[in-house]
Amino acid sequence: PLMSYFCSKRTNGLTLCFQDWNVTWYTAHPDLTQCFQHTVLVWFPCFYLWVCAPFYCLYLRFYDNGRISLSSLCCAKTVMCFGFLKLPMTMLLIHLERLRGFRSSVFLFLFWTLAVICSLVPLRANIQAIIDEVCAFPVYPTINPCPVEDASFLSKVLFWWYGRLAVKGYRSPLQAEDLWSLREEDTSEKIICDLEKEWAKQWAKMQHEQTQLLRKLHKEQISGFCLLRTLAKNFGPYFLTGTLCLVIQDAFMFSIPQVLSLLLGFVRDEDAPLWKGYLFAFLMFLLSCLQSLFNHQYMYACFTVGMRVKTAVMGLVYRKSLVINSAARRTCTVGEIVNLVSADTQKLMDFVVYFNAVWVAPIEIALCLFFLWQRLGPSALAGIATVILIFPLNGFIAKMRSKLQVQMKYMDGRIKLMNEILSGIKILKFYAWENAFRERVLGYREKELNALKKSQILYSISIASFNSSTFLIAFAMFGVYVLIDEKHVLDAQKVFVSMALINILKAPLSQLPFAMSTTMQAVVSLKRLGKFLCQDELKLDSVERAPYHPGEYDNLAMVNFCRINVKVQRGSLVAVVGHVGSGKSSLLSAMLGEMEKKSGHITVSGSVAYVPQQAWIQNATLKDNILFGRERKDSWYQKVLEACALLPDLEILPARDATEIGEKGLNLSGGQKQRASLARAVYRKADVYLLDDPLSAVDAHVGQHIFEKVIGPNGVLKNKTRVLVTHGLSFLPQADLILVMEDGEITEMGSYAELLSRKNTFADFVKAFSVSERKESATNRGNGDMGSASIQTMEAISDTEQEQDQEEVGRLTQADKAHTGRVKLEMYVEYFRTIGLAFIIPVIFLYAFQQAASLAYNYWLSLWADDPVVNGTQVGTDLKLGVFGALGFAQGIAIFGTTVAISLGGIIASRHLHLDLLNNVLHSPMSFFESTPSGNLLNRFSKEIDAIDCMIPDGLKMMLGYMFKLLEVCIIVLMATPFAGVIILPLTLLYAFIQSFYVATSCQLRRLESVSRSPIYTHFNETVQGAGVIRAFGEQSRFILLANSRVDHNQTSYFPRFVATRWLAVNLEFLGNLLVLAAAILSVMGRATLSPGIVGLAVSHSLQVTGILSWIVRAWTDVENNIVSVERVKEYAETTKEAPWAIEDSPLPSDWPKSGSIGFQEYGLQYRRGLDWALKEISLSVNEREKVGIVGRTGAGKSSLALGIFRILEAAKGKIFIDGINIAEIGLHELRSRITIIPQDPVLFSGSLRMNLDPFDGYTDEEVWRALELARLKNFVSGLPDKLNHECSEGGENLSLGQRQLVCLARALLRKTKILVLDEATAAVDLETDNLIQSTIRTQFEDCTVLTIAHRLNTIMDYTRVIVMDRGHITEMDSPTNLISQRGQFYQMCREAGLV
């Protein structure tokens, strides 16, 4: 019944308990049933005991062999039986046997044997279950979980859980997939989710606390504090556990000198028993080990918190950049936002690591001085006085250095400028302006380096005073001690315990100023971050989002609009027209809620899709750009491609829609970008479409096609509400409502017919352009050919190259690759060669001298300590003190010399390396910029150059300093106990072994981390620029997830990096502690022959070894990690360069080209491998003063001609002659500066308007004003407060697109060369402005040769010749009238445009 009770839960009674043959017999892995194991096997030994015990007790009653006394073994048995096994019966039997004199018991032996046998079966079952569980482990979502989760206590304390990765990294270079997944608590999602709530709370609290005026004043001050409070609430508790470890570590640290004192007392006292010496030696070893363990637990906690803070801040900044309003967006450039994410987060991480030193260091200093007082009495005050003198000096230096933080300002400026140069590199190449911008960058760089130099010299004073601080304090204390009273004797105990305490004192002394300056920098960074996070956001209520009912927009009233009232019926087409700068785009921004609303209200019903005026294209495949996060529905996708006229483009793109598009759409022409941008909107199937001039960048016929198929009354959007900003008049008759805008007001509205009948401005506007003209200008400017060749400039190659596979052809950008393996020796050679040998040799000598002086004064001290005491005094104390002082001061001066020398050497190297990098990048051809993401390049100019500026010299100072120090310690230990050599040698080998493991892995981790950092910045850059589009489409959450994944990917390589340092330090310090043990034990063994002075010297120095070892490796690794920066900066020296800018002794006359004739001889061009020829054997001659129009469909090779003339692409075959000179034989700048182009995209750089027109200052103000007048900009510019010095913002964003186009025209007018190339130069200009430009070109460039790549045929109808191109060939060439009469391709194009 008992059995069946147990088993009845699962079976019908006893039977199955025994007879589940499937489990026991018919199986490959026999086992007993669970029921059997938990019943029979458990109860059987107990039954034996219960049944037989009464008989056994009876037997014992008659058996008496005397009594056995209680032994420790017996007690242990008792405790085992009662404490662990809960078997009171066996316990009673054991004691009964003891009382009866039984020494061994067969009865209990059988019981234990049965118990063990019966428990083996369940034990095996349990082990099997655990194995099965472990095998089934990968069920978890984490692919490669972090081993710390499952590590044992010992493994966690000693960081052994990291070992496997170190071994893997040593065997073969680590790859990203070898790294562990992030722990859940370290992921962006978890951290930011908690933090956002807290930040919102703090922010709301802050808003309540202040009035409007105060808020503006205090916002910056308080926002930083507010951010700190938020971070503290989230990460404080974990940080405090680390702080506890720090306090415990301090306790161990201060007990070591006390044990040293006991050891020296033992050496002096010849009667003391030997075991005491060994006890003190082992105690010292134990304390050193414990101190090291607690210290590293503290550091681990700090770095973990630092990593989380970085994730948190990056997340907050990213989310903020998506909701910041346009006014605030203008105050912070893309470069500045990226800098917040790169530089300022780094400063916060440093702050977390060093913050505790700010309060712990003063306590440590106080304790040291207290113990010194115990040894030396009031003389310790001399030490305090010295500390007090050194302190303010360092505080003062730290303050002066923080003033020199302007270096950051210059660096910001330099990076911002580099960002613009990389964005507008094509324009720089066309205009041959590289040198002007190179000088601007170098100007910033020079200021940056000067600030750095001053800062480094101050820092050297600081370092010298620190490293001499041990000596200065000792000198002051011992000097005062022996001079006040001649009875004061310096013995070994006093000297070396004091020296050990002074060495402890050095750590807090050195940390304090560093911690303070880090804290200061962190405060500045917190303010900067706080200020950005508190910028005004877009108000969600500025647009009411109504559900999708017949939609209206109501009462629009905003910043730059007055009294606008519009209602738009659902499904209607509204056209918005007006001059450049009349507020058309702003009207759309208002509907999107991008502008600040002063009064009134806007209601938008349903979802919105938006096409901006300048297309924003992501660095992804064309397909991803169009789907934009939506699922792919093939039939609809094809329909959209067809409607947006993208199918012909797919034929041209190397991998069709899987072609990767470069950053900002680099390898697409203006028209292709605009159509991709439109396709993205159409694919959305939104309810309301806001189209900001999407037809400005496409050919006439393509524009007509898109209007009919997409926007017009019969297009795919016919039932949607469409608001179309346009300059094309031919579409207006088909619009349901036309809004005419002027100066931010709607001056007229109504249908086309209504407006014409009113005979107001609109009617005049339309009349001014004849019907044919209007019909033709349906679109503004057309799309170039494949990648508007003006941009897509891969290197030209011979046609023998093999085709590559589809995916490779489609790839454009090169991901930033991680180099593998150890840093090659030649990188060091390269770096030191840059500094120069003449500089390096004296540095090494200075170091040797510095350490020799240190060794001498320490040895001198030990001799002094061993000096015999005669009548209670020592003789010649004054001389001893004098020698001691002289040696110490000599060392101090040498330290200052070495640090200054290394800093200056570092600056020399970094100046050269930056200059080389800048020259290499500027000399690269356009193809290089297309295939290299700007994030990678910016990373080189910011992070890598910063590492070369500061990190490498600092690392070298530390490494050399500590290596020489280690040498000194080894010499001292060997002097005292030569036998220690036997221990030092294997320790050195072991040390080298561990370090080689570490350095290999650590370098690889640094590289992986560096490589995964670039995509974060590239993504940030892209998001900030496309924030408007992302918001309009409501894709914020998808982009946030993308950013999260990129940050997390970066942290997966950062986390093992700092764990590696801890793993190494714990293991190395153990080795160092072995040296302490060896020195102490050998001193104890040889105490008969050794004097206390030399023992004190050896042991107190060996105590420093642990610190020195880990510092050497840390410095070594820092140098090795940062020397990677040299490698990455030198990388671009190997890439292909374009032809030389100028050729010396070139035969070129100064007034070339005089006539402006151009000749092509069998000219051929190819973009890159695997692509067709863009131009095929073109032969053509253009006479002087001739006006030639070049027309053709997309991909015909029109823009390629322009690229060939400017040698943006080099000829694959054939030649081009200008004025009879082969352009391939002259310098690029000689060529490009003597001919002019008005390019497709009007690019402006931040700086004055004057700089944008004439960066070399080659023209007078009168000439500049004249050019502005001809470009119709004079009134606008003279109306600006700063006139020509008006600051253009980044990318010229504070001018409208049309005004930027006119600035480009003014540039051409200023240069006035004999040859002018117009690459679809009338981008987003209304018809009037366009006419002005055309007439200006006709009058001003009358005696020049003009080549126009045209898309509005009406602009070239009066040209002398028209060239019609198709697929790289010239198909027709004659005057326009002749071509029309020939009824060929040109005639068809004119007919489509309504010109014939």
Side-chain angles (χ1 to χ4, degrees), residues 182 186-200 202-203 223 226-227 230-231 234-235 306-326 328-329 331-349 415 419 525-526 528-538 594 616 618-620 628-629 663 933-935 938-939 942-943 1009 1012-1052 1054:
L182 277 185
D186 293 333
T187 56
S188 298
E189 195 157 335
K190 175 87 179 78
I191 291 172
I192 295 165
C193 183
D194 299 343
L195 195 77
E196 268 193 311
K197 293 175 198 157
E198 189 56 46
W199 171 249
Q202 296 283 0
W203 180 225
S223 55
C226 192
L227 178 62
T230 311
L231 293 171
N234 275 44
F235 308 117
M307 176 176 94
R308 291 176 188 170
V309 165
K310 177 179 169 183
T311 300
V313 172
M314 279 186 163
L316 283 179
V317 171
Y318 186 78
R319 282 156 181 69
K320 182 73 181 184
S321 65
L322 282 172
V323 294
I324 191 169
N325 70 14
S326 48
R329 167 73 184 79
T331 60
C332 36
T333 62
V334 181
E336 278 165 4
I337 294 174
V338 172
N339 223 347
L340 285 178
V341 174
S342 55
D344 291 312
T345 46
Q346 189 56 50
K347 296 216 162 35
L348 285 188
M349 286 167 76
I415 301 305
N419 191 15
S525 290
L526 276 168
R528 279 167 55 132
L529 284 163
K531 180 183 169 188
F532 177 73
L533 292 174
C534 294
Q535 293 279 19
D536 295 332
E537 297 183 7
L538 291 166
E594 299 274 319
W616 173 74
Q618 279 181 281
N619 179 197
F628 206 52
E663 264 182 274
S934 65
L938 277 180
N939 206 357
S942 54
K943 194 85 183 175
E1009 198 256 335
S1012 61
R1013 204 186 310 120
S1014 292
I1016 299 179
Y1017 302 150
T1018 305
H1019 184 67
F1020 259 78
N1021 219 327
E1022 210 168 62
T1023 307
V1024 174
Q1025 282 164 343
V1029 177
I1030 295 169
R1031 281 195 293 267
F1033 283 95
E1035 286 288 313
Q1036 294 96 316
S1037 53
R1038 182 169 67 90
F1039 274 78
I1040 284 172
L1041 283 176
L1042 263 172
N1044 280 358
S1045 71
R1046 290 188 177 190
V1047 171
D1048 285 351
H1049 180 56
N1050 177 241
Q1051 297 291 34
T1052 46
Y1054 177 74

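- Within the 4.5 Å cutoff, the side chain of Q1051 has no heavy atoms near those of the R308 side chain.
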Exercise for review: Go through L1042 and H1019 one step at a time and tell me if the side chain to side chain contact (heavy atoms under 4.5 Å, CB included) criterion holds.
Suggested key: CA-CA 8 Å; L1042 263 172; H1019 184 67; 3.8 Å; yes
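- The minimum heavy-atom distance between S1014 and G935, with the atom names listed, is OG-O, 4.5 Å.
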Review point. Passes side chain to side chain contact (heavy atoms under 4.5 Å, CB included), V309 versus I191? Steps please.
Key: CA-CA 9 Å; V309 165; I191 291 172; over 6 Å; no
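- Legend: residues meeting ring-ring contact (aromatic ring centres under 6.0 Å, His included) with Y1054, ordered by chain and number and at least two apart, are F1058.
- Rounded to the nearest 0.5 angstrom, K320 NZ and E537 CD are separated by 3.5 Å.
- Judged purely by atom type and a 3.5 angstrom limit, R1046 uses its side chain to pair as donor or acceptor with the backbone of P1015.
- A salt bridge does not link E336 to R528: none of the charged nitrogens lies less than 4.0 Å from a carboxylate oxygen.
- The ring-ring contact (aromatic ring centres under 6.0 Å, His included) search around H1049 returns none, not counting sequence neighbours.
- In this structure, R1031 and L322 approach most closely via the heavy-atom pair NH1-O, 2.6 Å.
- Here the closest non-hydrogen pair linking L526 and L348 is CG-CD2, 3.7 Å.
- Note that OH of Y1017 is 7.5 Å distant from CG of N1050, once rounded to the nearest 0.5 Å.
- Looking at E196 and K190, no side-chain N of the basic residue comes within less than 4.0 Å of a carboxylate O on the acidic one, giving no salt bridge.
- Residues meeting the ring-ring contact (aromatic ring centres under 6.0 Å, His included) test with F628, sequence neighbours left out: F1033, F1039.
- Closest approach of T230 to Q202, counting heavy atoms only: OG1-CG, 3.3 Å.
- Between T187 and D1048, the side chains place no donor N or O within less than 3.5 Å of an acceptor N or O (distance only, hydrogens not considered).
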**Study point:** Full working for side chain to side chain contact (heavy atoms under 4.5 Å, CB included) between V313 and D344
**Key:** CA-CA 9 Å; V313 172; D344 291 312; over 6 Å; no
